[in-house]
Chemist: 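First, the structure itself, so that you have it in front of you.
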Amino acid sequence: MNVCAVTGSASGIGAAIRKRLEAEGTRIIGVDVRDAEVLADLASHEGRARAVSEVLERCGGCLDQLVVCAGIGAHSRPPSRVAAVNYFGAVDLLDGLFPALRQAATPAAIAMCSNSAQMAPLDEHPYVLALLAHDEAGAARTIDAESSILAYLGSKHALARAVRRRASSWGRAGVRLNAIAPGPVRTPLLEGDLDDPVTGAAIRKLSIPLGRMGEPDEVAELAAFLLGPKASWIHGGVYYIDGGNDAEIRPDRF
């Protein structure tokens with residue numbers, strides 16, 4: 001039986017991934033602030049360390065799969081909390097559980113990013129560079145002078161780059177790592193963003209060629225495929241699942 005740790009397992013996309021993987025017999029170690037095997041707040045150093053320690057204890061030091069899905073929306077305050085959960089809460093779990101993944105026969109991991117990561121010119125933004133340098137204090141100082149929307153976009157942008165930067169070392173260690181970049185998906189996170197007057201207006205302006213928002217189960221299907229044996233040569237990619245939204249915005253970039 002495969003063992004998979006899923007952060008953000010109590011709701012939204014994380015809960016859908018949990019349900020989908022359990023249906024095929026995978027044992028899930030959920031990590032969340034409630035209704036999970038491991039209760040931890042990934043916004044703090046202590047919470048991340050506790051999550052890694054308890055997952056390692058529950059999996060016996062050998063983990064077949066990992067999904068870092070915990071995240072908070074662009075409406076969240078302060079902006080530095082968005083950085084703490086969405087970037088450091090993902091990267092610290094990836095790196096902390098990497099040794100356990102290396103012990104499995106055919107390990108695979110997924111980071112949940114966003115199609116919004118390329119919606120602003122963020123390549124050299126000081127906030128993104130601080131995230132990639134793993135400078136949490138510097139990132140907090142920079143982004144708390146900005147906005148939670150930029151905090152969200154930048155956290156997902158940096159997370160996708162963090163996945164790509166790990167493709168070489170993880171691949172040579174035999175651990176597949178990919179990212180999923182959803183567009184607007186009907187989750188509690190999206191509901192919070194829609195209820196905010198600023199973020200809600202921006203989301204409602206998005207044009208989606210397929211004419212609707214996504215459902216968590218649709219993202220879970222992609223996650224299950226990327227974690228499974230049929231994706232055995234897929235590694236280091238960022239896979240959009242957004243009804244064509246990114247392609248419409250950036251038709252000449254891929």
Side-chain angles (χ1 to χ4, degrees), residues 1-10 12-32 36-38 40 42 48-71 87-114 156 159-182 185 216-241:
M1 175 189 293
N2 280 339
V3 178
C4 179
V6 180
T7 72
S9 62
I13 293 173
I17 291 173
R18 174 175 194 144
K19 180 180 177 182
R20 173 64 178 79
L21 296 178
E22 285 181 330
E24 59 186 34
T26 300
R27 178 167 75 90
I28 302 298
I29 303 172
V31 180
D32 214 312
E37 286 75 14
V38 175
L42 301 185
R48 294 169 215 149
R50 183 184 311 116
V52 169
S53 176
E54 292 192 23
V55 169
L56 290 174
E57 182 178 349
R58 287 176 177 271
C59 73
C62 179
L63 189 64
D64 299 286
Q65 299 166 345
L66 172 62
V67 180
V68 289
C69 192
Y87 183 80
F88 295 104
V91 169
D92 285 0
L93 268 289
L94 285 173
D95 291 345
L97 294 172
F98 177 57
L101 288 164
R102 293 186 65 175
Q103 299 305 310
T106 56
I110 291 172
M112 198 61 58
C113 295
S114 169
K156 295 300 187 178
L159 181 56
R161 288 170 67 175
V163 166
R164 299 278 288 176
R165 289 182 175 193
R166 283 159 175 76
S168 178
S169 59
W170 282 49
R172 285 177 170 78
V175 183
R176 293 193 301 107
L177 174 62
N178 291 289
I180 293 176
V185 176
D217 289 350
E218 293 173 306
V219 182
E221 286 297 328
L222 177 56
F225 171 75
L226 289 173
L227 291 170
K230 292 184 179 179
S232 57
W233 208 52
I234 299 179
H235 176 58
V238 180
Y239 296 94
Y240 286 76
I241 176 167

Chemist: Work out which heavy atom in K156 is nearest to a heavy atom in S114; give both atom names and the distance.
Modeler: CG-CB, 3.7 Å
Chemist: When rounded to the nearest 0.5 angstrom, what distance separates OH in Y239 from SG in C113?
Modeler: 12.5 Å
Chemist: Under the side chain to side chain donor-acceptor pair (under 3.5 Å) test, which residues partner N2, sequence neighbours left out?
Modeler: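 Partners of N2 by the side chain to side chain donor-acceptor pair (under 3.5 Å) criterion come out as none, since no residue qualifies.
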Chemist: Side-chain donor-acceptor contacts of residues 95-109 below 3.5 Å, not counting sequence neighbours, with atom names and distances?
Modeler:
residue : atom : partner : partner atom : Å
D95     : OD1  : R166    : NE           : 2.9
D95     : OD2  : R166    : NH2          : 2.9

Chemist: With sequence neighbours left out, which residue pairs that include part of residues 17-26 fulfil the side chain to side chain donor-acceptor pair (under 3.5 Å) condition?
Modeler: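 Matches after skipping sequence neighbours: R18-E22, R18-E37, R20-E24, R20-E221.
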Chemist: From L56 CG over to C62 SG, what is the distance, rounded to the nearest 0.5 angstrom?
Modeler: 11.0 Å
Chemist: Quick one: closest heavy-atom pair of A51 and L42, and the distance?
Modeler: CB-CD2, 3.9 Å
Chemist: Does D32 reach the main-chain N or O of A10 with its side chain, forming a donor-acceptor pair under 3.5 Å?
Modeler: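 A pair under 3.5 Å: yes.
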Chemist: Does R164 use its side chain to pair, donor to acceptor, with the backbone of G236 at less than 3.5 Å?
Modeler: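 Checking the backbone N and O of G236 against the side chain of R164, a donor-acceptor pair under 3.5 Å is found.
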Chemist: Would you compute the distance between atom CD1 of I110 and atom CG of L227 and round it to the nearest 0.5 angstrom?
Modeler: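 It is 3.5 Å, given to the nearest 0.5 Å.
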Chemist: Looking at side-chain heavy atoms only, is the closest gap between L177 and L94 below 4.5 Å?
Modeler: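 Yes, side chains in contact.
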Chemist: Indicate the atoms forming the closest heavy-atom contact of L63 with A5, along with that distance.
Modeler: CD1-N, 3.8 Å
Chemist: For the residue pair I28 and L21, establish whether any side-chain heavy-atom pair is separated by less than 4.5 Å.
Modeler: yes
Chemist: Should V163 and N178 count as side-chain neighbours, where that means a heavy-atom distance under 4.5 Å?
Modeler: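 The answer is no; the side chains never approach within 4.5 Å.
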Chemist: Which residues pass the side chain to side chain donor-acceptor pair (under 3.5 Å) test with R176, sequence neighbours left out?
Modeler: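 Counting only residues at least two positions away or on another chain, R176 forms no side chain to side chain donor-acceptor pair (under 3.5 Å).
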Chemist: Work out which heavy atom in V238 is nearest to a heavy atom in A160; give both atom names and the distance.
Modeler: CG2-CB, 4.2 Å
Chemist: Suppose we screen for ring-ring contact (aromatic ring centres under 6.0 Å, His included). Which residues come up paired with Y87, at least two apart in sequence or across chains?
Modeler: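 So Y87 forms no ring-ring contact (aromatic ring centres under 6.0 Å, His included) with any residue.
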Chemist: So, using side chain to side chain contact (heavy atoms under 4.5 Å, CB included) as the criterion, who are the partners of R27 when residues are at least two apart?
Modeler: M1, V3, I29
Chemist: Is there any side chain to side chain donor-acceptor pair (under 3.5 Å) pair reaching into residues 53-67, and which pairs are they, with sequence neighbours excluded?
Modeler: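 Listed by first then second residue: nothing to list.
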Chemist: Residues in side chain to side chain donor-acceptor pair (under 3.5 Å) with S9, at least two apart?
Modeler: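 By the side chain to side chain donor-acceptor pair (under 3.5 Å) rule, S9 matches no residue at all.
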Chemist: Taking all atoms of both residues into account, what is the closest heavy-atom pair of V68 and A111, and its distance?
Modeler: CG2-CA, 3.5 Å
Chemist: List for me each residue that meets side chain to side chain contact (heavy atoms under 4.5 Å, CB included) alongside V219, sequence neighbours excluded, and say none if there are none.
Modeler: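 Side chain to side chain contact (heavy atoms under 4.5 Å, CB included) check on V219 returns I13, M112, I180, P182, V185, I241.
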